[in-house]
2 protein chains.
Amino acid sequence: MIILPNGNENMKRPCTTQQIGVLVRTTRKSQRMTQQDLALVSGTGIRFIVDLEKGKATCELAKVLTVLHMLAIEVQLIPPKTGDAS
Amino acid sequence: MIILPNGNENMKRPCTTQQIGVLVRTTRKSQRMTQQDLALVSGTGIRFIVDLEKGKATCELAKVLTVLHMLAIEVQLIPPKTGDAS
DNA sequence: ATAAATATTTACCGTACAGGATTATGGAGA
DNA sequence: TCTCCATAATCCTGTACGGTAAATATTTAT
């Protein structure tokens with residue numbers, strides 16, 4: 001176990017809202033969907049999609065999950081192998 | 001491609017806030033942390049942890065990601081293999 | 001290249017609710 | 001009992017998000 005200069009231990013970087021935003025946008029475009037399309041099938045407003053793709057920190061969790069699902073982006077949450085903590 | 005009775009095609013189930021809540025709670029307990037501990041290291045209030053573990057739909061994305069990170073729960077977002085869409 | 005058609009972004013308003021702090025309640029265990 | 005943990009209720013500040021319209025940017029056609 002390595003203690004980094006910033007005080008953190010060597011754990012994987014946190015998933016950021018920025019990363020999610022970029023992923024949503026690139027995936028959406030690869031599906032040739034407009035933001036409006038995505039908003040429609042996700043049951044949200046366009047504003048939400050715009051904010052999400054911009055990496056807004058305060059987006060609502062469930063709506064984000066819905067959007068990811070509509071884009072067929074699989075979400076895997078992998079718990080620690082019983083031992084490592086914060 | 002299979003059309004299921006509920007009208008959906010055969011895509012994986014969406015990740016739900018309920019699942020995340022359960023995962024957070026079980027992982028936290030396995031680390032022997034209290035909700036207060038988790039709130040403290042995550043920079044949130046206890047209320048947020050309680051709500052998150054209850055599966056509240058409207059939790060703020062970034063805070064959820066922080067909590068997952070503090071619990072060393074890895075988040076993997078896997079984009080579709082270029083083709084499948086909604 | 002230029003124009004036309006689309007797509008995206010931003011600003012504003014209004015409603016509704018998130019989440020922090022605090023306090024109270026209840027349950028499990030020493 | 002006393003203590004720790006979890007939950008719930010209340011107050012309050014800030015803001016998410018939908019709708020809309022206007023301003024840009026990007027793509028497509030001629």
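Letters A, B, ... are given to chains in the order of the sequence lines, protein chains preceding strands, and every chain is numbered from 1. Not measured: the values here are computed from a predicted model.
Cluster partners of V50(B), by chain and number: I46(B). The rule joins Ile, Leu, Val, Met, Phe, Trp and Tyr whenever side-chain heavy atoms lie under 4.5 Å apart.
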Heavy-atom contacts, protein to nucleotides 2-16 of chain D, under 4.0 Å, summarised as B (base), S (sugar-phosphate only) or - (none) per nt, yield ---SSBS-B-----S
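In this structure K56(A) satisfies the salt bridge (charged side-chain N to carboxylate O under 4.0 Å, His left out) test together with D51(A), sequence neighbours excluded. Qualifying side-chain contact (heavy atoms from CB on, under 4.5 Å) partners for L40(A), counting only residues two or more places apart in sequence or in other chains: none. With sequence neighbours left out, the side-chain contact (heavy atoms from CB on, under 4.5 Å) criterion links T66(B) to S42(B), M70(B).
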Show the atom names and distances, to 0.1 Å, of all donor-acceptor pairs under 3.5 Å that link a side chain in residues 17-26 of chain B to residues at least two apart or in another chain.
| unit_1 | atom_1 | unit_2 | atom_2 | d |
| --- | --- | --- | --- | --- |
| T17(B) | OG1 | G55(B) | O | 2.8 |
| Q19(B) | OE1 | T16(B) | N | 3.2 |
| R25(B) | NE | E53(B) | OE1 | 3.1 |
| R25(B) | NH2 | E53(B) | OE1 | 3.4 |
| T26(B) | OG1 | V22(B) | O | 3.1 |
| T26(B) | OG1 | L23(B) | O | 3.1 |

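The nearest whole Å value for the distance from the CZ atom in R32(B) to the P atom in dG29(C) is 14 Å. Atom NZ in K63(A) sits roughly 11 Å away from atom P in dC17(C) (whole-Å rounding).
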